[in-house]
Amino acid sequence: MSRICLVIPSNPFDQYFVQLPLDAVTAAGHLRAEGHTVAVWDQRLRDTPPGDAFDLLIVFSAIADRAQCYPLELAPVRTAVDRAKALFPTARTIAVGPHGTHLPLSTRAELGVDHVALGETDSAAVAAVRDLAAGADAPVLSDSASPRNLLAPAAGAPRPYPNLPLEELAFPAYDLVPTARYTAEVISGGLPLPGPCGMVLASRGCTYGCTFCHLPFGTRMRSQPLDRVVAEIDAQQAAGLDFVFFLDYVFGINKSFYGDLCRRLRGRGLGWVGQTRAEVVLKNDVREWAAAGCQGMWLGAESPAIAQTGVHKRVSEEQIEQAILKLRDAGITPFAFVLLGLPDDEACVSGRLVDWAAKMPAWFGINQLYLRPGTTLYDRLAADYNDGARPTTWEQVREVTRRYRESYPVDLDRQQQRLTELPNYLGNSIAPVAG
């Protein structure tokens with residue numbers, strides 16, 4: 001059996017929150033159940049590893065909460081790899097996460113790791129360890145006859161590992177991390193503030209087909225057993241967290257499942273924030289969410305003209321406004337994602353997007369559009385901004401987004417600056433975490 005250290009890199013997002021690496025503790029729990037000695041080195045919270053002898057290092061290039069909007073810059077991950085390898089020079093190294101899943105060869109080269117395991121991070125970590133234990137040292141075949149998907153130094157393009165059944169996953173190893181030290185946006189007096197917060201993923205997947213969105217859990221909905229979801233909340237509350245973030249991409253999409261979940265959450269003294277779509281809010285009795293402890297809900301608003309941009313998100317400006325007001329009237333603080341730079345977004349080009357955000361009765365956060373591998377928008381546009389060829393390296397991928405933004409009809413940085421000056425911009429409420 002192996003002595004395994006799961007490594008979580010630091011990143012610029014840490015200045016706001018340090019969120020629970022749910023996929024890492026889930027993988028750790030399963031690996032430990034299979035007999036391995038496991039530790040988690042979260043470099044965001046500690047400078048030294050929790051142990052002095054490891055023969056396998058598994059580096060997470062983007063934890064679960066960042067996987068949907070994973071950064072294109074891998075330098076912080078390489079720094080984490082170098083720190084770990086300097087301390088454990090004889091250990092094998094594996095990278096898991098969206099980067100390796102979409103550009104495995106470039107990821108292996110840019111991070112300087114021995115192997116890359118493709119697929120959902122917790123499943124890929126477990127399956128890769130099994131393959132190494134079985135002697136998967138040689139180049140891995142990618143044909144259908146080969147069960148191995150671990151990318152070794154001379155390998156071709158392997159297939160992603162299959163997902164482990166959710167009902168078979170061992171319980172997350174919360175005891176391997178300082179659970180009570182993790183943070184996110186919590187609601188106090190109706191205002192969002194950084195505070196102690198856990199994380200729950202009751203259902204994986206998203207059935208909607210927004211072309212700009214990266215879906216690390218795929219398009220098929222897969223729900224955990226409710227007893228398991230409640231047990232995870234119990235464990236986090238026992239560790240000192242009475243507030244959690246539901247990572248589910250479309251909270252409430254299955255009215256039966258989420259209705260049962262909300263009934264199980266009533267009376268627990270638990271506060272929580274989730275994320276969903278405007279259409280789903282309008283189809284649910286969100287007062288049931290509030291009664292179950294929901295204090296805030298994120299909506300993917302993006303732009304008032306999102307339905308006209310051709311990215312397959314057919315939600316109207318009116319629906320977004322109605323959903324925000326419905327949440328607010330139920331006592332739930334509404335939040336909205338605003339996305340700058342969508343193709344053919346007349347609201348962004350004209351500047352109307354800024355006026356719309358200013359009048360929105362909700363807190364909002366900002367992102368500029370990235371063209372990310374693993375999205376259909378990237379598949380459609382990337383070659384146009386890479387001299388007609390599909391990018392094969394992360395350097396080329398980063399250049400694609402730079403060129404796209406440079407060619408956009410308006411100055412996106414200037415527009416973002418105008419948005420950050422608005423009083424309902426979330427960054428003006430949540431100050432960076434003190435160092």
Side-chain angles (χ1 to χ4, degrees), residues 62 64-72 97-99 101-103 118-121 123 159-160 162-163 166 201-223 246-258 274-284 297-320 322-323 335-348 353 365 367-385 390-391 397 400-401 404:
D65 183 63
R66 302 296 294 158
Q68 189 178 20
C69 298
Y70 68 87
L72 303 183
H99 302 87
T101 296
H102 298 305
L103 270 74
L118 287 63
E120 288 186 16
T121 50
S123 295
R159 293 165 287 113
N163 300 325
L166 296 183
L201 181 56
S203 286
R204 304 188 184 200
C206 177
T207 59
Y208 292 94
C210 305
T211 64
F212 61 87
C213 192
H214 177 249
L215 298 176
F217 305 119
T219 57
R220 184 173 66 87
M221 300 302 299
R222 293 171 290 140
S223 297
F246 275 95
L247 185 58
D248 305 43
Y249 292 156
V250 199
F251 193 96
I253 188 171
N254 182 330
K255 293 179 70 172
S256 176
F257 174 81
Y258 286 101
Q275 54 187 350
T276 191
R277 290 174 60 109
E279 311 98 298
V280 175
V281 168
L282 296 177
K283 293 177 181 178
N284 276 268
M297 186 62 66
W298 281 94
L299 298 176
E302 272 73 63
S303 165
I306 183 71
Q308 287 78 51
T309 60
V311 294
H312 294 176
K313 186 161 189 175
R314 299 175 181 89
V315 57
S316 69
E317 182 176 352
E318 182 182 11
Q319 285 176 308
I320 295 168
Q322 289 176 346
F335 300 92
F337 294 108
V338 172
L339 184 58
L340 294 174
L342 286 166
D344 304 315
D345 185 354
E346 62 82 13
C348 185
L353 186 149
N367 278 307
Q368 286 194 36
L369 179 69
Y370 284 85
L371 294 176
R372 291 183 174 90
T375 68
T376 52
L377 186 61
Y378 172 88
D379 291 340
R380 179 165 68 88
L381 297 179
D384 295 342
Y385 295 93
R390 188 177 181 86
V397 170
V400 161
T401 287
Y404 174 83

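The structure presented is a predicted model; accordingly, all values stated were derived computationally and were not measured.
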(request) With Trp298 as reference, evaluate Phe246, Phe251, Phe337 under the ring-ring contact (aromatic ring centres under 6.0 Å, His included) test and give the passing residue. (result) Phe337
For a 4.5 angstrom cut-off between non-hydrogen side-chain atoms, does [X] reach [Y]?
| X | Y | result |
| --- | --- | --- |
| Glu302 | Lys313 | yes |
| Thr207 | Arg220 | no |
| Phe212 | Thr309 | no |
| Pro373 | Val397 | yes |
| Leu381 | Leu377 | yes |
| Leu340 | Leu353 | yes |
| Val311 | Pro343 | yes |

(message) For the residue pair Asp248 / Tyr258, report whether a side-chain donor-acceptor contact shorter than 3.5 Å exists.
(response) yes
Kindly say whether [Y] contributes a backbone atom to a donor-acceptor pair with the side chain of [X] at under 3.5 angstrom?
| X | Y | value |
| --- | --- | --- |
| His99 | Ala62 | no |
| Ser123 | Asn163 | no |
| Arg277 | Ile253 | no |

(request) Determine whether more than 12 heavy atoms belonging to other residues, nucleotides or ligands lie under 6.0 Å from atom OH of Tyr370. (result) no
(request) To the nearest 0.5 Å, tell me how far Ser203 OG sits from Leu247 CG. (result) 11.0 Å
(request) Any chance you could measure Leu299, atom CG, to Gln319, atom CD, to the nearest 0.5 Å? (result) 11.5 Å
(request) Over 60° means perpendicular and under 30° means parallel, so classify the ring planes of His214 and His102, tilted if in between. (result) perpendicular
(request) Is it possible for you to check whether Arg372 lies under 6.0 Å from the centre of the six-membered ring of Tyr70, through NZ or CZ, and within 45° of that ring's axis? (result) yes
